[in-house]
Amino acid sequence: MAKKRVKIAKYTKEKKAAAGAQYREEMSKIRYSVPNNMLFILKECWHGARGLFWIMVMRLVMDMVISLSGTYTDKYVIEFALGTSSRVTLGIICIALIAAQQFANILNNSGMMYTVYVAKFRMSAYLYGKLMKKKMDTDYENTENTKLNDMLHKADDGINNTADSALGTMRETVLAALQVLAYGGILSMLNPVLILIIGLPAVAGYYINIHKMSWIWNMADNWQKYDRQLEYITYIGTDANFSAAKDVRIFGMQRWLDSVFKRVYDLRLNWYEQQDKWEFFHRIAEVIVSEIGSCAASIYIVYLVMKGNIGAGDFVLYFNSIFMLSSAVRAWCDKFSAYNWLSQNIFYARDYLDIKDNTNRGEGVPVPEDCSDMQCEIEFRNVSYTYFGAEEPTIKNISFKLNKGEKLAVVGLNGAGKTTLIKLMCGLYRPTEGDVLLNGVSVNDYNRDEYFRLFSTVFQDIDVLPVTIAENISGRTAEETDFPKLYDCMKKSGIYGKVMSLPQKENTRLVKTVYDDATDFSGGQMQKLALAKALYKNAPVLLLDEPTAALDPIAEQEMYLNYADFSKGKSSVFISHRLASTRFCDRIILIADGKIAEEGTHSELMKAEGTYAELFAMQSSYYNDKEVDKNE
């Protein structure tokens with residue numbers, strides 16, 4: 001017995017009113033008019049895929065040639081067969097019309113194939129490229145803002161929906177308008193009233209279509225959440241996501257994921273059925289209303305033939321013109337009803353591209369010359385930071401200095417704010433309150449990219465690109481990479497031996513999901529790779545966020561021994577849960593609840609017998625022979 005699908009609540013008047021209010025609110029946020037958005041797409045096409053623009057123009061001309069030549073061919077073929085005038089003249093006209101139609105068909109089909117297989121992808125790549133550049137260049141804080149991430153998701157869908165269809169819709173709108181003029185002119189020679197008889201029902205059909213689309217747009221928010229859930233479940237449940245594939249199998253999650261997928265799919269299917277039902281009845285009404293005019297006009301033409309007012313050739317011409325005009329008016333109205341949808345999708349893309357960045361992108365204050373000599377002093381002055389959507393700040397009124405050439409350790413429990421502190425220091429975050437200063441000048445006064453060049457960082461979350469190991473470390477192409485420097489950095493980070501054991505050594509590509517011959521590193525090897533990358537950059541300030549978290553004890557010891565060497569002459573910050581690492585640092589800051597709880601050297605903090613001394617003693621107990629108290 002088939003399982004009964006989940007039912008959803010009835011779409012009441014109250015829900016309809018609420019959805020309508022939400023829809024009007026969204027529409028009020030749209031800053032660009034429909035013509036403005038269409039002009040935007042045309043400009044982007046001209047800059048990014050100019051061939052597509054000219055193909056659209058060529059196809060527009062060819063479509064008109066095909067339409068008119070086909071209509072007149074029928075007329076002259078009938079007259080040629082009946083011999084109503086010179087057969088030679090009529091034969092030449094028929095041959096010319098047929099040849100023109102065939103030639104136009106060839107060009108039109110070639111243009112269509114070029115559009116489908118080449119131009120459309122160029123346009124999409126150009127627009128997605130702009131979106132990708134914005135995502136990579138926008139302030140880092142924007143990438144962690146859920147609201148802005150929703151905007152990105154909408155922008156991505158918007159480009160997918162409009163990259164090709166917007167230009168196609170504009171072409172078809174102009175084509176329909178030209179056909180209305182052409183066939184309206186033909187029928188007006190017989191009786192101008194025919195234009196109204198055909199046109200008014202088609203316009204009525206346009207408003208029926210508007211009513212249909214307004215409901216669909218109002219209801220979109222009801223099923224978007226199910227689309228996102230299905231997308232995520234599909235990603236998790238397939239081998240495309242290598243990171244989840246192990247858990248799915250080991251913990252037997254297949255059945256659970258299958259049940260979740262079916263439940264969410266049932267909910268989404270209910271909305272599909274409601275939408276299909278809504279569209280079905282509107283489509284029937286639209287066709288009935290539109291065909292009334294065509295039938296009335298056709299009856300009138302038959303009446304004129306019966307009275308002998310027009311001949312067989314003209315009958316075919318006018319009869320074809322009626323249906324061509326009806327189709328053109330209906331198409332013109334349909335395309336206009338689609339412009340709001342297209343414009344809204346284009347707006348989503350433009351809205352994300354217009355996101356305001358707060359960091360300094362201008363010329364800025366020149367970076368101090370002494371920083372280029374590895375002499376940077378960074379000061380936190382009453383700094384607080386609150387994440388987007390959070391009620392309480394993560395960093396609370398912190399003040400301290402990272403002195404020139406100093407090795408600073410930052411320690412604390414999980415969630416204390418250590419990583420946030422690092423991101424504030426290197427300019428990824430802007431303080432909610434207070435200021436961060438570089439050599440006495442606010443970091444906001446420096447150009448953002450110039451300021452970024454002062455830092456070499458190793459963060460906890462490490463990602464690599466699907467390029468060679470050498471290119472991942474240097475951030476440059478193989479031709480631009482300094483290989484002696486590369487080998488030295490790999491040796492200092494401890495990854496040299498592993499890399500040299502690979503068949504292609506430093507030319508081995510990473511990310512197996514992209515390349516069959518690539519390799520994937522373990523967590524510890526990834527940390528070593530990230531450290532080599534930081535060392536290769538050789539910036540004045542070195543920031544290490546838990547750089548030994550995934551290392552084995554031997555590799556960790558090597559890291560501590562090499563730390564003094566590769567941080568020589570630099571200002572550096574070392575974040576770690578393992579307090580043994582702090583003994584290699586000049587000063588230690590203990591963060592607790594977003595504030596500086598303790599500060600000093602290792603000896604000073606141990607003598608103070610505070611939280612640091614307690615944590616150090618707890619960790620030390622696991623490395624000596626004394627039994628650890630289970631209650632500790």
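Count residues from 1 along the sequence.
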Do the side chain of [X] and the main chain of [Y] share a donor and acceptor less than 3.5 angstrom apart?
X	Y	result
R430	N358	yes
T115	K120	no
T162	S343	no
S399	N382	yes
K570	A539	yes
D520	K512	yes
D435	S442	no

Does the side chain of [Y] come within less than 4.5 Å of [X]'s, by heavy atoms?
X	Y	answer
V458	K533	no
L131	L127	no
R476	D482	no
V436	I378	yes
Y128	N160	yes
I596	F380	no
V511	L465	no
F388	E144	no

Should we say atom [atom1] of [X] is surrounded by more than 12 heavy atoms from elsewhere, each under 6.0 Å from it?
X	atom1	answer
K423	NZ	yes
E392	CD	no
K595	NZ	no
Y114	OH	yes
K485	NZ	yes
R122	CZ	no

Atom of [X], atom of [Y] and distance for their closest heavy-atom approach:
X	Y	answer
F459	I462	O-CG1, 3.4 Å
G594	I398	O-CD1, 3.3 Å
G417	T394	CA-CG2, 4.0 Å
Y32	N37	CB-OD1, 3.4 Å
I346	A166	CD1-CB, 4.4 Å
I495	A532	CG2-CB, 4.4 Å

[atom1]/[X] to [atom2]/[Y] distance, rounded to the nearest 0.5 angstrom?
X	Y	atom1	atom2	result
L39	E44	CG	CD	10.0 Å
L543	I575	CG	CD1	8.0 Å
E546	K418	CD	NZ	6.0 Å
N345	D156	CG	CG	11.0 Å
D157	H153	CG	NE2	5.0 Å
I159	M123	CD1	CE	9.0 Å

TODO: Run the numbers on T138 and Y352 for side-chain hydrogen bond (donor to acceptor under 3.5 Å, both in side chains), then give the verdict.
DONE: CA-CA 10 Å; T138 190; Y352 185 80; 5.6 Å; no
Determine whether the side chains of [X] and [Y] contain a donor N or O and an acceptor N or O closer than 3.5 Å.
X	Y	value
N447	N360	no
T359	Y140	no
K356	N142	no

Task: Salt-bridge contact D357-K134 (side-chain N to carboxylate O under 4.0 Å) - done: yes
- [ ] Answer yes or no: is there an ion pair linking D137 with R361, defined by an N-O contact shorter than 4.0 Å?
- [x] yes
Task: Y451/F455 aromatic ring centres below 6.0 Å - done: yes
- [ ] Give the C-alpha distance, both sets of side-chain angles, the deciding distance and a yes or no for side chain to side chain contact (heavy atoms under 4.5 Å, CB included) between I473 and T481.
- [x] CA-CA 9 Å; I473 293 174; T481 298; over 6 Å; no
- [ ] Could you pull out all residues at least two apart from W46 that satisfy ring-ring contact (aromatic ring centres under 6.0 Å, His included)?
- [x] F53, W54
Open item on the list: Using the side-chain contact (heavy atoms from CB on, under 4.5 Å) definition, which of the options L454, L424, L438 pairs with V443?
Closed with: L438
Open item on the list: Parallel, tilted or perpendicular, judged at 30° and 60°: which one describes the rings of Y385 and Y387?
Closed with: perpendicular
Open item on the list: Pair R171, L167 - check side chain to side chain contact (heavy atoms under 4.5 Å, CB included), show working.
Closed with: CA-CA 6 Å; R171 180 186 67 83; L167 291 166; over 6 Å; no
Open item on the list: Let's go through I469 and L510 carefully: what are the C-alpha distance in whole Å and the side-chain angles of both, what is the deciding distance for side chain to side chain contact (heavy atoms under 4.5 Å, CB included) to 0.1 Å, and is it a yes or a no?
Closed with: CA-CA 7 Å; I469 294 172; L510 298 178; 3.9 Å; yes
Open item on the list: For Y429 and D139: C-alpha separation, side-chain torsions, deciding distance, then whether side chain to side chain contact (heavy atoms under 4.5 Å, CB included) applies.
Closed with: CA-CA 8 Å; Y429 291 161; D139 290 351; over 6 Å; no
